Amino acid sequence: MNQLTPKERMKIPRHSMIEQDPAERSRNFSEVNLGYTPELAIEEAQRCLQCPKPTCVAGCPVNIQIKDFITLIAEGDFIGAVKKIKEDNALPAICGRVCPQEEQCEEACVVGKRGEPVAIGYLERFVADYERESGKIDVPEVKVSNGKKVAIVGSGPAGLSCAKDLREKGYEVTVFEALHELGGVLVYGIPEFRLPKEIVRTEIDGLKRMGVKFETDAIIGRVFTVDELMEEEGYDAVFLGVGAGLPWFLGIEGENLNGVYSANEFLTRVNLMKAYQFPEYDSPILDCHNKNVAVFGGGNTAMDAVRTSLRLGAKNAYIVYRRSEKEMPARVEEIKHAKEEGVQFMLLTNPVRLIGDDEGWLKGMELIKMELGEPDESGRRRPIPIEGSNFTVDIDVAVIAIGNGPNPLVTQTTPEIETSRRGTIVVDPETMKTSKKGVFAGGDIVTGGATVILAMGAGRKAAAAIDHYLQNGAW
Amino acid sequence: MFKIIEARFLAENIKLFEIEAPRIAKKRKAGQFVIVRIHEHGERIPLTIADSDVEKGTITIIVQGVGKTTRELNLKKKGDIILDVVGPLGQPSHIENFGTAVSIGGGVGTAIAYPTAVALKQAGNYVITINGARNKDLVILEEEMKAVSDEAYITTDDGSYGYHGFVTDKLQELIDQGKKIDFVLAIGPIPMMKAVADVTRPYGIKTVVSLNPIMVDGTGMCGGCRVLIDGKAQFACVDGPEFDAHKVDFKNLADRNKMYHKYEQEALKHFEEKCKLTEKINTLEQAE
Ligand SMILES: Cc1cc2nc3c(=O)[nH]c(=O)nc-3n(C[C@H](O)[C@H](O)[C@H](O)COP(=O)(O)OP(=O)(O)OC[C@H]3O[C@@H](n4cnc5c(N)ncnc54)[C@H](O)[C@@H]3O)c2cc1C
Ligand SMILES: Cc1cc2nc3c(=O)[nH]c(=O)nc-3n(C[C@H](O)[C@H](O)[C@H](O)COP(=O)(O)OP(=O)(O)OC[C@H]3O[C@@H](n4cnc5c(N)ncnc54)[C@H](O)[C@@H]3O)c2cc1C
Ligand code: SF4
Ligand code: SF4
Ligand code: FES
Ligand SMILES: [Mg+2]
């Protein structure tokens with residue numbers, strides 16, 4: 001492929017994703033993005049300048065060898081490319097779909113300085129899908145058992161990646177999961193139309209074939225405490241990847257009305273419990289046909305909830321966000337997709353109270369207009385209410401998607417594990433060691449709600465540190 | 001996969017199951033519950049752990065068939081499998097020697113109150129139990145309750161057995177007789193729990209109720225089970241299910257529990273039609 005000059009490469013336009021038509025997809029739960037064809041992938045790969053010092057790599061939280069895998073794609077070696085990615089990232093089919101690329105790898109790509117960056121995420125996704133669809137995913141080799149046992153608590157991206165690395169190194173690994181399904185937010189939070197559950201299942205099947213053991217319906221802190229895992233169940237080390245699964249509410253009047261959901265509940269009912277297939281599945285969710293639905297928040301969770309409401313039939317689906325679009329933490333692609341699907345954005349607007357009827361059903365919301373003031377500690381301009389600008393809108397369903405805090409089930413029962421004021425677990429950032437000997441933690445339980453790739457990176461870092469600890473015994 | 005070791009009806013529509021779940025049996029305390037999902041298409045429903053046997057590695061649940069899932073569960077027999085059983089969930093009952101403790105159960109609430117009554121007795125309380133049912137046929141756990149009580153009363157709404165009247169009538173009678181009551185636990189339908197709270201409030205008797213909001217995960221993740229206690233939202237699955245009866249917003253709980261009424265009716269109809277069909281097929285097969 002070296003026959004193309006950099007200038008020629010720069011001339012190739014970025015290949016957009018093949019997508020389902022917005023009008024159609026906003027009423028079904030199938031994946032929105034359909035993926036590149038091999039031809040498109042090769043052409044997109046040719047846009048990469050193969051920089052001697054690839055800046056993209058530093059933009060990726062786990063430093064995938066982006067230039068190298070893209071070169072392999074350009075050469076048509078898709079399987080080689082996915083192997084290259086997997087040296088650093090165990091879950092490329094997932095990260096290729098859900099990473100905020102525009103602020104990570106692609107933000108750092110030099111091609112993006114003068115035009116649109118190389119579509120690193122789409123390429124990552126393409127080769128991972130290619131491998132899965134070819135049915136030739138090879139199971140990583142596992143070292144002979146070293147007889148040491150590690151317990152992983154939580155089966156989200158942090159737990160899964162930690163489990164994989166340790167198993168490869170020859171540890172006996174058991175993952176304990178509170179829910180009946182494995183995958184954490186990947187299965188209960190992120191909807192099917194963005195991340196098909198089949199993909200998560202394939203990844204987990206791979207781990208099972210490597211010999212990782214999984215126990216669902218097992219809540220640590222309830223069936224076993226962390227101490228019991230180590231003292232009675234014979235685990236030599238414990239990794240806590242329990243996520244940030246405790247939903248925050250707004251604390252305004254009317255939040256307990258019928259029709260008001262946390263995003264976690266709304267999404268769990270739909271994704272995990274398959275309520276959109278009621279009554280074939282037993283869990284119900286309020287039918288949104290001919291209804292007005294408002295979602296409060298501006299992150300990925302809010303976008304997922306509002307787009308889900310459309311798929312449940314919503315007549316009007318609103319995003320209510322107190323800052324402007326620029327400050328929205330959601331991935332750019334999600335905001336774009338939401339708009340295309342007809343979501344209405346009420347920006348610089350904040351809910352004041354929820355209004356109900358005598359039987360406790362939500363009927364409307366009172367909102368207030370906001371303006372942006374000085375930047376706050378997060379660096380974003382602080383929203384300030386404009387006095388007297390209140391107005392009301394009729395709604396039938398409200399979803400609160402303003403974030404999650406850490407769930408205290410484990411830390412409450414293991415007081416020696418140091419937590420921050422916010423309840424997150426305090427770790428040494430290099431080793432992911434907690435204040436309790438033999439116990440490591442990573443992912444959202446340490447950072448608060450963050451990203452899949454950061455959780456995965458933390459799981460891998462912890463795996464390396466656990467290996468080190470169990471090999472030399474020094475804490 | 002959790003195996004049913006024993007299954008029998010205690011009354012019409014109320015069935016007791018002993019289920020193999022050794023880890024939960026070992027850990028559970030009075031007042032805690034499990035969440036059950038019976039098959040791949042099933043919903044997750046909470047059920048109180050009525051008893052456990054650590055040696056056998058079993059827990060006991062007592063289920064009243066009120067809708068689709070509980071009725072489907074009640075079709076299960078000894079040897080059948082329940083797909084998911086997770087627990088023990090919720091805070092254990094707060095048990096101490098209060099002095100005289102009254103445990104009040106209404107309907108299947110009797111089963112939910114039973115383990116706590118046992119624990120209250122073990123803690124040295126003088127235990128009075130009042131268990132209400134609509135009629136004689138629906139009285140459950142009479143012998144068990146008697147065995148843990150210093151005084152045991154049964155009330156029936158229609159007077160077909162025991163005291164004729166509501167549990168609150170009996171409670172008021174005891175108070176009027178000058179019995180010094182230090183603690184009341186009330187578990188049953190929402191109107192009953194509210195009525196008990198109203199009886200004890202003027203006397204300042206510490207009263208605890210076990211709330212039954214709609215749950216999904218049971219781990220504090222969804223917030224669907226939130227109840228208003230003193231005007232503030234609490235998650236019944238992790239902060240409860242037991243709360244100070246005098247602080248509970250019962251109207252909000254009753255309203256919230258009706259949220260899916262329409263869907264529940266539909267699910268039940270769907271299920272009953274399917275049952276009839278299976279029955280038909282079975283009779284046809286037998287006829288052949
Ligand atoms: C709706 C939604 C959309 C998102 N979209 C994106 C996106 O597009 N891109 C992105 O990068 N990030 C996204 N995120 C964030 C991302 O999903 C999380 O940062 C990531 O999943 C965190 O991984 P984790 O492994 O730390 O925890 P989780 O994925 O939360 O997994 C934790 C697991 O631990 C289990 N658990 C908890 N307590 C216990 C216990 N005591 N015993 C046993 N098991 C327990 C939980 O049930 C859960 O399965 C989104 C999050 C949500 C909620
Ligand atoms: C902590 C707790 C302990 C309980 N213990 C027992 C027990 O020991 N024995 C017993 O028979 N019942 C118990 N229940 C009630 C039991 O969970 C419900 O009767 C059951 O979920 C109804 O399901 P269904 O599909 O059969 O009926 P449906 O027709 O679907 O529902 C009937 C009513 O039950 C309530 N309900 C529905 N779904 C749920 C749900 N997912 N979670 C909670 N409530 C729901 C609603 O108010 C609804 O109107 C308990 C409830 C709670 C919260
Ligand atoms: S893992 Fe995420 S950040 Fe890293 S290269 Fe892939 S898409 Fe980019
Ligand atoms: S920075 Fe962009 S152009 Fe350069 S190697 Fe990375 S992906 Fe290719
Ligand atoms: S049932 Fe989900 S938080 Fe209580
Ligand atoms: Mg039901």
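The figures here come from the full heavy-atom set of this structure, side chains too, leaving out hydrogens, waters and symmetry mates. Fair warning: this is a prediction, and the values are worked out from it, not measured in the lab. Sequence lines set the chain letters: A, B, ... in the order given, protein chains first and strands last, and positions in each chain run from 1.
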Exercise. Which distance, rounded to the nearest 0.5 Å, do you find between the CG of A/Asp227 and the OH of A/Tyr235?
Worked result: 15.0 Å

Problem set entry | Spacing of A/Lys208 atom NZ and A/Phe214 atom CZ [to the nearest 0.5 Å] | 6.5 Å

Exercise. Can you name the closest pair of heavy atoms from A/Leu250 and A/Pro351 and give their distance?
Worked result: CD1-CG, 3.8 Å

Exercise. Looking only at heavy atoms, what is the nearest atom pair of A/Val223 and B/Lys27, with distance?
Worked result: O-NZ, 3.3 Å

Between [X] and chain A, with a heavy-atom cut-off of 4.5 Å, which part of the residue counts as in contact: side chain, backbone, both or neither?
X: B/Ile45; result: neither
X: B/Tyr263; result: both
X: B/Phe235; result: side chain
X: B/Lys232; result: neither
X: B/Leu253; result: neither
X: B/Glu40; result: backbone
X: B/Asn252; result: side chain
X: B/Thr69; result: side chain
X: B/Arg256; result: both

Top contributor to chain A contacts, counting heavy-atom pairs under 4.5 Å, from [options]:
options: B/Arg44, B/Lys26, B/Glu266; answer: B/Arg44
options: B/Cys222, B/Gly223, B/Gly87, B/Gly224; answer: B/Cys222
options: B/Leu228, B/Asp217, B/Ile24; answer: B/Leu228

Between [Y] and [X], does any NZ, NE, NH1 or NH2 come within less than 4.0 Å of an OD or OE carboxylate oxygen?
X: A/Asp287; Y: A/Lys291; value: no
X: A/Asp282; Y: B/Lys68; value: yes
X: B/Arg28; Y: B/Asp51; value: yes
X: B/Asp198; Y: B/Lys194; value: yes
X: A/Lys213; Y: A/Glu172; value: yes

Quick one: which of [options] has the most heavy-atom pairs under 4.5 Å with chain B, could you say?
options: A/Gly360, A/Gly243, A/Pro247; result: A/Pro247
options: A/Leu409, A/Leu286, A/Thr268; result: A/Leu286
options: A/Asn258, A/Val260, A/Ile285; result: A/Asn258
options: A/Leu246, A/Asn256, A/Asn264; result: A/Asn256

Exercise. With B/Leu211, which of B/Ile229, B/Ile187, B/Asn257, B/Ile190 fulfils side chain to side chain contact (heavy atoms under 4.5 Å, CB included)?
Worked result: B/Ile229

Residue part contacting chain B, namely of [X], when any heavy atom lies under 4.5 Å:
X: A/Gln277; answer: neither
X: A/Phe249; answer: side chain
X: A/Asn407; answer: side chain
X: A/Asn404; answer: neither
X: A/Glu253; answer: neither
X: A/Ile400; answer: neither

When you measure from the side chain of [X] to the backbone N and O of [Y], does any donor-acceptor pair fall under 3.5 Å?
X: A/Arg311; Y: A/Phe29; result: no
X: A/Glu255; Y: A/Ile252; result: yes
X: A/His180; Y: B/Asp84; result: no

